[in-house]
2 protein chains.
Amino acid sequence: MAKALREPKDTSAQAIARLREAGLRPTRQRVELAGVLFQSGDRHVTAESLHDEVAQTGVKVSLATVYNTLHQFTEAGLLRQVIVDAARSYFDTNTGDHQHFFVEKEGLLIDIPGESIAVAGVPAPPAGLSVDRVDVVVRVRRN
Amino acid sequence: MAKALREPKDTSAQAIARLREAGLRPTRQRVELAGVLFQSGDRHVTAESLHDEVAQTGVKVSLATVYNTLHQFTEAGLLRQVIVDAARSYFDTNTGDHQHFFVEKEGLLIDIPGESIAVAGVPAPPAGLSVDRVDVVVRVRRN
DNA sequence: CTCACAGTTTAGAATGGTTCTAATTCGTTG
DNA sequence: CAACGAATTAGAACCATTCTAAACTGTGAG
Ligand SMILES: [Mn+2]
Ligand SMILES: [Mn+2]
Ligand SMILES: [Zn+2]
Ligand SMILES: [Zn+2]
């Protein structure tokens, strides 16, 4: 029965360590949000989905704080923003090199490992501009 | 001096033809918008930029009509929507296969010809999903 | 341990792009 | 030229996101 249960202390401890490393005060809200975001594998959330999810754990976090925290985490390099939909912003716990399938109707993002995909033939950008990153979005739909 | 001047009649005639082909009534507003959009080469506009531009020609078109028209043109295949910015929607008169550089700070889109760019290694989408299109956005910034 | 203070959270208002409503105007067809 | 359905429009509504300014809290100096 050792590993079967949740280990809230450990999750909190990890979250707190992560926040300290990022130079962010480990407040109750940030610890909770970090816990939800980072304790399972890679995740894609919107402010609203994260707000709803954290509400279900019983901890009250305002929507303003969810937005603040998502932006702070992004600035700290713990998250990255994914722009695929004109209507909502997604945030991704996978900050490594990778791309996405996007199922528009469901608002669902699915990772494509960075190693598996290659973009060739990108011309040099016009003078005075340099490449920041290359995003690939494979838009898919239900058959 | 034959080709140096604008040819408004011809532009209108072309716009009207284009609208009729698309099954859209050639109203004063749609003809004007089509003129602005399609008389020069490939263009990327937002509702607001198009609204401002058409205002400068002296023709009054409401913002609601600009939005209506952009969507109707998109549905008719005369335009395509480009999603690169969480804050604004762009519409592209180039409906062929191509990709984009995007200068976020300036809201500037630059075409990359479809032939020059190749995306390899896109995995098969998860069961039940099929690929609709593959979008590549090369995010660039001023040096 | 306590206190003070900067940092954080929050409710609610504000913002801004986009969409909707319902009344007016227009294009087309007979 | 009607007459009718389609299109336009002003302004309201919408909705994700951001802002404001007041209350709260983490922290570290004493
Ligand atoms: Mn919610
Ligand atoms: Mn304007
Ligand atoms: Zn991802
Ligand atoms: Zn383009």
Side-chain angles (χ1 to χ4, degrees), chain A residues 12-13 15-36 44-52 54-55 57-76 78-79 81-91 104 107, chain B residues 12-13 15-34 36 44-55 57-76 78-79 81-91 104 107:
Chain A
S12 288
I16 289 169
R18 206 186 289 261
L19 290 168
R20 287 233 154 86
E21 269 173 61
L24 296 167
R25 269 202 206 175
T27 64
R28 188 159 58 277
Q29 293 86 343
R30 296 208 278 225
V31 170
E32 185 63 24
L33 290 167
V36 168
H44 304 97
V45 301
T46 63
E48 199 193 351
S49 77
L50 180 58
H51 182 250
D52 290 352
V54 103
T57 71
V59 176
K60 272 174 213 130
V61 180
S62 74
L63 191 53
T65 294
V66 172
Y67 275 104
N68 289 341
T69 302
L70 286 171
H71 289 139
Q72 290 153 355
F73 283 12
T74 299
E75 214 158 331
L78 301 175
L79 291 178
Q81 201 164 355
V82 181
I83 297 171
V84 287
D85 187 325
R88 311 161 151 339
S89 267
Y90 289 84
F91 292 84
E104 181 164 21
Chain B
S12 287
I16 289 168
R18 206 186 290 261
L19 290 167
R20 287 232 154 85
E21 269 173 61
L24 296 167
R25 273 202 204 175
T27 64
R28 186 158 62 278
Q29 292 85 343
R30 296 208 278 224
V31 170
E32 185 63 24
L33 289 167
V36 168
H44 304 97
V45 301
T46 62
E48 199 193 352
S49 77
L50 181 58
H51 181 251
D52 290 352
E53 190 173 350
V54 103
T57 72
V59 177
K60 272 173 213 131
V61 180
S62 73
L63 191 53
T65 295
V66 172
Y67 275 105
N68 289 341
T69 302
L70 285 171
H71 288 139
Q72 290 153 357
F73 284 11
T74 299
E75 213 158 333
L78 300 176
L79 291 177
Q81 203 164 354
V82 181
I83 296 171
V84 286
D85 189 325
R88 308 162 158 326
S89 268
Y90 290 83
F91 292 84
E104 181 163 23

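All chains are named by letter (A, B, ...) in the order of the sequence lines, taking the proteins before the strands, and each is independently numbered beginning at 1. Computed from a predicted model, the values in this text were never measured in an experiment.
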### Task
Would you work out how much the helix from C:dC1-D:dG30 to C:dG30-D:dC1 bends between its ends, with each end axis defined by five base pairs, to 10 degrees?
20°

### Task
Under the side-chain hydrogen bond (donor to acceptor under 3.5 Å, both in side chains) rule, collect the residues that match up with B:Thr65, sequence neighbours excluded.
B:Ser62

### Query
Where do A:Asp85 and B:Ile83 come nearest, in terms of heavy atoms and distance?
N-CG2, 3.8 Å

### Query
Who are the side-chain contact (heavy atoms from CB on, under 4.5 Å) partners of A:Gln81, not counting sequence neighbours?
A:Ser89, A:Phe91

### A:Ala15 to A:Gly35 - nearest heavy-atom pair and separation
CB-N, 4.3 Å

### Length of the line joining A:Leu19:CG and C:dT8:C1', which is rounded to integer Å
13 Å

### Query
Whole Å only: how far is the CZ atom of A:Arg30 from the P atom of C:dG7?
11 Å

## Note on the structure
On a heavy-atom basis, the closest approach of B:Ala47 and B:Leu70 is CA-CD1, 3.7 Å

## Note on the structure
Given protein heavy atoms under 4.0 Å, the one-letter contact record of nucleotides 16-30 of chain C, with B base, S sugar-phosphate only and - none, is simply -SBBB-----SBS--

### Query
Got a sec, which residues hit side-chain contact (heavy atoms from CB on, under 4.5 Å) with B:Leu78, two or more places apart in sequence or on another chain?
B:Arg18, B:Ala22, B:Phe38, B:Phe73, B:Ala76

### Task
Mind checking side-chain hydrogen bond (donor to acceptor under 3.5 Å, both in side chains) for B:Glu32 and listing every partner two or more places apart, or none if nothing turns up?
B:Thr57

### Query
How would you give the extent of chain A contacts on DNA chain D, as first and last nucleotide 5' to 3' within a 4.0 Å heavy-atom cut-off?
D:dA16 to D:dT27

### Query
What is the distance, rounded to the nearest whole Å, between atom CG of A:Leu70 and atom P of C:dT8?
16 Å

### Task
Sequence neighbours left out, what passes salt bridge (charged side-chain N to carboxylate O under 4.0 Å, His left out) with B:Arg20? Give chain and number order.
none

### Message
Checking A:Glu104 now: which residues fulfil side-chain contact (heavy atoms from CB on, under 4.5 Å) with it, not counting sequence neighbours?
### Response
A:Phe102

### side-chain contact (heavy atoms from CB on, under 4.5 Å) against B:Gln72, all qualifying residues, sequence neighbours excluded
B:Leu24, B:Arg30, B:Asn68, B:Thr69

